[in-house]
Structures are given as structure tokens and as C-alpha cells.
Amino acid sequence: MTTAQPLDFQAPSPSPLALLLLGREADPKSERGVECPGDLPAPSDPDLVERARAAKAKLGDKVFVLGHHYQRDEVIEFADVTGDSFKLARDAAARPDAEYIVFCGVHFMAESADILTTEDQQVVLPDLAAGCSMADMATAEQVAECWDVLTEAGVADVTVPVSYMNSSADIKAFTGKHGGTICTSSNAERALTWAFEQGEKILFLPDQHLGRNTAVRDMGMSLDDCVLYNPHKPNGGLTAQELRDAKMILWRGHCSVHGRFSLDSVDDVRERIPGVNVLVHPECRHEVVAAADYVGSTEYIIKTLEAAPAGSKWAIGTELNLVRRLANRFADEGKEIVFLDKTVCFCSTMNRIDLPHLVWALESLADGKVVNRIEVDPEVAAFSKLALERMLALP
């Protein structure tokens, strides 16, 4: 079936800036997380498609392939289900008969799948280099030190941790152990409302932007109610009084993709495309979210475009693979969908899951060899699951 071409879709230009999120070069002005050394693997060749089909057919019902929305089209083609990180982890848990869960996403997502699936199931991440810069911005040691700082300031006993799904299993376990809950970009407001019923303050990990946007935009707090805890500074760069006065203690973390969108990007696209609707993810900076017309999770973005009238114009502030896929999907309905920024941004680590890695993982499993298995320590898994269960019980 031939897919209609998107109207005026502009992919990132082949400039040095466009290579930033392919793991090359550096931009000191950007909100960039961890480095992603080396180039991405070479583009897939046609033979790999047949090899992937053959290996998946040989495995049959023994394998269940999950594909995150930000994955390449060549990987999504072989996914049994697609979705955001938590939806996919729950989909895996709903398939207890699948011996192997191949998670085409990033490391923290595979951890969540391992936490929620049975002991008989094995979770595989096709490339162990597929991490998440945001999740890596909060380590267990740093968060434990932060809690000591809160304790010394006399506020730990009235502080409830709320951790974004985009966090490591260690951080989820910390959250569960200290009476907190997990949230997604879809239910962050509900999670914060619940947390404020349990205590006076929230320690929000690890994405400062989602925490700030939810508190200020959705819940009516002020920017002055929020302080930013920097784990690389003594006492987080905050005084004890600042911690006592704050309602939201935001961790200094961010998404390296969504953090690049700027107010200039919004102003530029409005000038270029009169009547455009700006739709962004809540991981974007506060000024970008404030200037947008619509703000919501990945699933919200998809549903909004599904319901959009024919002929409407949209600039989307999220990962490029998804935007490009949506532009193709809705082209025949006359919906003009463009990327919010001119030059970026692929998620560099998410894009490390490509067809060569997927074929290697599937063929290895078909030959009886489990590669790149993701296993979470049982105690960590137990406390992580406790935090996740609190989220599932949110009203």
C-alpha cells in the first residue's frame, strides 16, 4: 500500500546541528543530557526485512515485540503493539504466555516491563546503548543525598516524592519506599493532587519541565512555588529556607529532545504558517508550553490529530519519528503537519534500536540464545511495583 506524502513536511536539514541528536558534536547552549558516543548503525538493507520476518515467524507466540512511538518506521513494522512507555509495559504484562518480550524503546522502559511481567518472562532490549538522558540525570546516590538535604532542612517528613515514568528502576524504588507514586505525562496532575493530600511538598523527579508545567499551568501554582534542586551543587544549590518555602522541589533534569524546543521555534512557525496550531509535549520548557495552543502526552498528540478537521495546520513539538509518521498518516485528509523546529530532533538513544539490532535479537532468540536481557533486582522491583501500584490506584 502506498502512503500519501505529507503536505510540506520538512525533515531536519543535514546540518551539524541536525547531527547533535545522532550522537555527534556538541552544543553548549542546548539542554543536552548525557553524551551518546559513536554514530548510529548503517541504514538497513532489504535482506534484513526478510530475516526479521523469518525470525519472528519461527518464534511465533513465544515472542511479543513492543514498539515505542518514537521508534523508526523500520522497527515499528515488526511491533505487535505500539504506544508510550507505560502502555507498552502493561501490554507486556497482559501477555503472560509470551516467553520473550522484545522492547523496542529505551532502558527504563524495559525495566518497567521486567517489573510488571512474570518471572517466567524474559525482557530483551535490542541495543543496551538505548538509554535515556533524562533518566540518567537522577541516580540513586544523588537522590539519597537530596533526601538527606531535605531531612536536614526539616522538610523530608512532609515531602512526598513523585517520579515520572521516565526514570530508572532505582528511582522508582526510592519513590515507593518513601511513600510516593509514579506518574505519566497523562496523569501528572492527578498524581500531584494525590501527593498534596499526603504531604505539604513534592519532590518531583527527574523532569523539571513536566513538574513545573503541571504545577503552574494545570494546578494554578506560581513559578515562585517551585525551586530547582541541582544535584551537582552543594545542598542542591538551595538554602534550607528556600526548601521550607517551596511547594514543588523540582529535580534538575530534562528531556534532551523536548528541551531543545524554544519560544523562537513557536514564533517562527507562526510567522511561516498563518493559522497553524502549535501542539507540544509537556516535557517542553515552560515558556514553550505557555505559548502553545495545545499541550499533552504522546497519546494526546495522536488523538488530537485524529480528531482535527481536514485542512487544519499543525506544528508538533515532539520526537521527529512520530511527527513524520503522523504527517504521512494524515496527508490524505489534507492535514498539514510540520515539525516545530527546523533542524531537530531525533532521540539519539531511542534511534539506536534499528533493524540490524532487532534482527540480531530475534535471530538470537530463535536460536535459543537470550541476549541483552534486562533484569531488575528483586528488592528494587518490589518497591518500584509498589510505587506503580499507587499510580494505578489514583482516583
[X] vs [Y] side-chain heavy atoms within contact, under 4.5 Å:
| X | Y | result |
| --- | --- | --- |
| Leu205 | Tyr229 | no |
| Tyr294 | Leu305 | no |
| Glu299 | His69 | yes |
| Arg270 | Val276 | yes |
| Val359 | Phe78 | no |
| Val288 | Arg260 | no |
| Asn321 | Asn351 | yes |
| Ser185 | Thr298 | no |

Of the non-hydrogen atoms in [X] and [Y], which two are nearest, and what is the gap between them?
| X | Y | result |
| --- | --- | --- |
| Pro126 | Asn372 | O-ND2, 3.1 Å |
| Val160 | Gly179 | CG1-O, 3.9 Å |
| Asn166 | Ser85 | OD1-OG, 4.2 Å |
| Ile337 | Ala327 | O-CB, 3.8 Å |
| Tyr164 | Glu283 | OH-OE2, 2.5 Å |
| Arg190 | Pro395 | CD-O, 3.1 Å |

Any donor and acceptor pair, going by atom type alone, linking the side chain of [X] with main-chain N or O of [Y] inside 3.5 Å?
| X | Y | answer |
| --- | --- | --- |
| Lys335 | Ala308 | yes |
| Asp225 | Ser222 | yes |
| Asn213 | His209 | yes |
| Lys172 | Ser167 | yes |
| Lys201 | Leu243 | yes |
| Gln142 | Thr139 | yes |
| His178 | Gly180 | no |
| Asn277 | Asp293 | no |
| Asn187 | Cys183 | no |
| Glu287 | Ser262 | no |

So, for Phe174 and Trp147, is the gap between ring centers shorter than 6.0 Å? yes
Within residues 378-389 or reaching into it, pairs that qualify as side-chain hydrogen bond (donor to acceptor under 3.5 Å, both in side chains) - sequence neighbours excluded: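 Non-adjacent pairs meeting side-chain hydrogen bond (donor to acceptor under 3.5 Å, both in side chains): zero.
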Is there a chain of hydrophobic side chains (I, L, V, M, F, W, Y, each step under 4.5 Å between heavy atoms) that links [X] to [Y]?
| X | Y | result |
| --- | --- | --- |
| Ile171 | Ile374 | no |
| Ile202 | Val158 | no |
| Val278 | Leu326 | yes |
| Val338 | Leu263 | no |
| Leu192 | Val227 | no |

Sorted by chain and residue number, the salt bridge (Lys or Arg N to Asp or Glu O under 4.0 Å) partners of Glu306 (sequence neighbours excluded) come out as Arg329
Just verifying a value: how many Å separate [X] [atom1] and [Y] [atom2], rounded to the nearest 0.5 Å?
| X | Y | atom1 | atom2 | result |
| --- | --- | --- | --- | --- |
| Asp73 | Glu77 | CG | CD | 9.0 Å |
| Phe330 | Glu336 | CZ | CD | 15.0 Å |
| Met165 | Met391 | CE | CE | 4.0 Å |
| Met219 | Thr214 | CE | OG1 | 8.5 Å |
| Ile353 | Cys104 | CD1 | SG | 6.0 Å |
| Leu228 | Gln208 | CG | CD | 5.0 Å |

Who else is in the cluster with Val216 when I, L, V, M, F, W and Y are joined by side-chain contacts under 4.5 Å?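 Its cluster partners, ordered by chain and number, are Leu223.
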Under the side-chain contact (heavy atoms from CB on, under 4.5 Å) criterion, do Leu116 and Leu388 qualify, and how do the steps go? CA-CA 9 Å; Leu116 293 175; Leu388 288 166; 4.2 Å; yes
Non-neighbouring partners of Asp377 that pass side chain to side chain donor-acceptor pair (under 3.5 Å), sequence neighbours left out: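 For Asp377, no residue satisfies side chain to side chain donor-acceptor pair (under 3.5 Å) once neighbours in sequence are set aside.
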Passes side-chain contact (heavy atoms from CB on, under 4.5 Å), Ile273 versus Val269? Steps please. CA-CA 6 Å; Ile273 308 175; Val269 79; 4.1 Å; yes
May I ask you to decide if the ring planes of Phe261 and His258 are parallel, tilted or perpendicular, using 30° and 60° as cut-offs? tilted
CA sep, side-chain torsions, deciding dist, call: Thr181, Thr175, side-chain contact (heavy atoms from CB on, under 4.5 Å): CA-CA 6 Å; Thr181 186; Thr175 305; 5.5 Å; no
Per the ring-ring contact (aromatic ring centres under 6.0 Å, His included) rule, what does the pair list look like for residues 106-144, sequence neighbours excluded? none
Evaluate side-chain contact (heavy atoms from CB on, under 4.5 Å) for Tyr300 paired with Leu279, printing each intermediate quantity in order. CA-CA 10 Å; Tyr300 173 86; Leu279 170 58; 3.7 Å; yes
Does CD in Glu119 sit with more than 12 non-hydrogen atoms of other residues, nucleotides or ligands closer than 6.0 Å? no
If you draw a 6.0 Å radius around CG in Asp61, do more than 12 non-hydrogen atoms from other residues or ligands fall strictly inside?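 No.
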Taking it one step at a time, do Arg51 and Asp47 satisfy salt bridge (Lys or Arg N to Asp or Glu O under 4.0 Å)? CA-CA 6 Å; Arg51 288 173 60 182; Asp47 292 340; over 6 Å; no
Distance-only donor-acceptor pairs under 3.5 Å for side chains of residues 244-252, two or more places apart:
residue, atom, partner, partner atom, Å
Arg244, NE, Ala153, O, 3.1
Arg244, NH1, Gln241, OE1, 3.4
Asp245, OD1, Gln241, NE2, 2.9
Trp251, NE1, Met137, O, 2.8

Could you tell me whether Arg95 and Asp91 make a salt bridge, using a distance below 4.0 angstrom between a side-chain N and a carboxylate O? no
